[in-house]
Amino acid sequence: MSKFRQLSLLALAPLSALVFMPPLHAATAPMPPPFEGVYQPQGVDEIGWWREDDEDERALLNSPVLIHDEKLNNYVTDVLCRTVGYDRCSATRVYIIREPVFNASMTMNGTMRVFSGLLLRTRNEAELASVLAHEFGHFERRHGLQRFKGLRSGSDVAAWASVLAGVSMNYGAHRSMHGLNYQIYGSYFRFSRDDEREADLLGLGYLNSSDLRPHAAAEVWENLMGEATASASIKGLKKPNFGRVAFFASHPGNQERANYLSALALPDGAGRDDGADRYREALADWMPIFLDDQVKLNDFGASEYIIESLAQNGWTAELWFARGELYRNRGHPRDLVNAAEFYREAAFADPDLADAYRGLGLSLMKAGKRSEGQGALRRYLELNPDASDAKMIRMMAPELEVSE
Amino acid sequence: MTNFMKNWFLSAALVLAFVVPSAVLANSYREQGQTVSVAKSDMEVTPPQDWNKLRARPGKKAETWTLDGELLNDVTFYGGIAPGKPLVKERNKKHEPLPKFEKETLLIEVPELLESTYRANRKIGLFELTSIEPSQFLGRDGVRFNYQYVDKDGLTRKGEARAVIVEAQLFMVTFDAPRLHYFDRTLDAFRALADTATL
């Protein structure tokens, strides 16, 4: 049995050597390394992965969820390039995907996927840049390949250990084998979390050396924690524990990320511009659409948090309308009163916003104010006579008779 | 050898234990011309052609029929969804609740309820209601609507549905199929089936 233990320790040695320790004692995040020119895949593993990624990228190009808007794509690509440098950025392609989740990812061949749920949640250019630079950090450090190799070595060791344990027919050997398996799983996920920390620091390094405010990186995570808390509170759940790191967690806890990103941001950069105006202008056409996608997910607390967070820069007709939709969709009697009020605000801010009158009319009718509701629905039909539900609305709010 | 035989019998017994009940509870056949009740409700249909009924039901008060498999053509009956209940079974009631049909829900809001249920359940971002019209269903004034969405598998699907609210309960039948080929091919069969629905 002691021999087996020795074997297990020997087997783990290369795994533990791969584990990265981030330099958390540094005063600020390290500056990005010098650009070494365009990288090409090397070795059978990497070449194979790049080929697979190339195939995925071809499929992605034909995907109906891809947003092709040139202006938006150019803007997001430009934010990445200005943050990491145009020389580095030339190795990547940015794709924007319409999916209402907070996420972005980067494959080994340089395909960056940015999800619409992320664009809805970041509030300025600096916040977006911090997430894009983090993903770029994974690409630059070739984390995907390292993770693959780590996983393969770990599963090789686990497979051989189970063979040896089977041969030994000894209870102690079996117990050691199980212990070894847990160590392998644990070190794989710890390895993954360390990769994330390294990418965080690299991303922050880019932000520190850019002209954007680096403190925005921590604010992304603070904002996300606020949203998760709001979501849990409305659902009647306990406040999530952001400091806890589960055994199988692939990423460090949000609280930890916010803490070290805030501590390692360049103090002199605090006064820099975060590009909030440019961001709002570039996203103006898409924000109502992304917001609508979020509102219809039936996550009241999170949606309300996002709407209020966006409204910090002033309430717009689109924001009032989204809030009206959110309350009408939940549809408690108390919600309908609020919904009608929000739709009224939306219609006041933009008297031509047809859908605001539709929402107002339906909310009023549900709240028992039939004739008032019908008036609003008629206004909806005046503004949008070819609406997809025009026939149905016309039946609910018939034209007034001449005698009236 | 004895050990081997013992293992063999044990494996065979285990396989049988799983196979036999699933054969008993397997998907079943709905024959042409035979009136059957659907979705554990009083709603009845008389299929003008043979259909397959799937054993797996999407919700307590829902039932799925298909011709070529539910990914290619899926007809789902919702039989009397009561106020406060979701259309389909919630994966995680506490953490990921689905929108509920309410007593106050208007007929015109039923398409939005289906949209929100699909979006929340499948975590999809592209769903469009293409038309909402008044129409008869189960011999009453109801709503007929069409929609299109990109499903989780990346395939664009089209759908048509009819719904009616009877005594504060929602009765609905939906038809979902890939936009490519299958929707147009099965649409008439769906309409013929939905026309036979009574309550």
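Owing to the predicted nature of the structure, the values given are computational and were not obtained by experimental measurement. Lettering of chains follows the sequences in order, A, B, ..., and the numbering in each one begins at 1. The figures here come from the full heavy-atom set of this structure, side chains too, leaving out hydrogens, waters and symmetry mates.
Comparing B:A120, B:P97, B:G125, B:S135 by how many heavy-atom pairs each has under 4.5 Å with chain A, the most go to B:G125. When the candidates A:P333, A:S388, A:A59 are compared by the number of heavy-atom contacts under 4.5 Å with chain B, A:S388 comes out ahead. Chosen from B:E102, B:K123, B:E115, the residue pairing most often with chain A at heavy-atom distances under 4.5 Å is B:E115. Between chain A and the residues B:K100, B:E96, B:E109, the most heavy-atom pairs under 4.5 angstrom are made by B:E109. Most heavy-atom pairs under 4.5 Å with chain B: of the set A:N329, A:N298, A:D389, this distinction falls to A:N298. Counting heavy-atom pairs closer than 4.5 Å to chain A, the top-ranked of the candidates B:E112, B:E104, B:E133 is B:E112.
A donor-acceptor pair shorter than 3.5 Å can be found between the side chains of A:E325 and A:Y343.
Of the possible polar contacts, one joining the B:D153 side chain to the B:L155 backbone as a donor-acceptor pair under 3.5 Å is found.
Heavy atoms of B:T130 lying under 4.5 Å from chain A belong exclusively to its backbone. Of the atoms belonging to B:L129, it is backbone heavy atoms, and not side-chain ones, that fall under 4.5 Å from chain A. Contact of B:K152 with chain A is made through the side chain alone, with heavy-atom distances under 4.5 Å. Looking at A:D299, there are no atoms closer than 4.5 Å to chain B (heavy atoms on both sides), in backbone or side chain.
With ring centers used as reference points, B:F171 lies 6.0 Å or more from B:F77.
Summarising the geometry of A:L297 relative to A:D293, their closest heavy-atom pair is CG-O, 3.5 Å, with the distance given to 0.1 Å.
Cation-pi check for A:R323 over A:F342 is met; the charged atom lies under 6.0 angstrom from the ring centroid and within 45 degrees of its normal. Relative to the six-membered ring of B:F127, B:R119 misses at least one condition, a distance below 6.0 Å or an angle of at most 45° to the axis. For the pair B:R122 and B:Y118, the cation-pi test (distance below 6.0 Å, angle within 45°) is passed.
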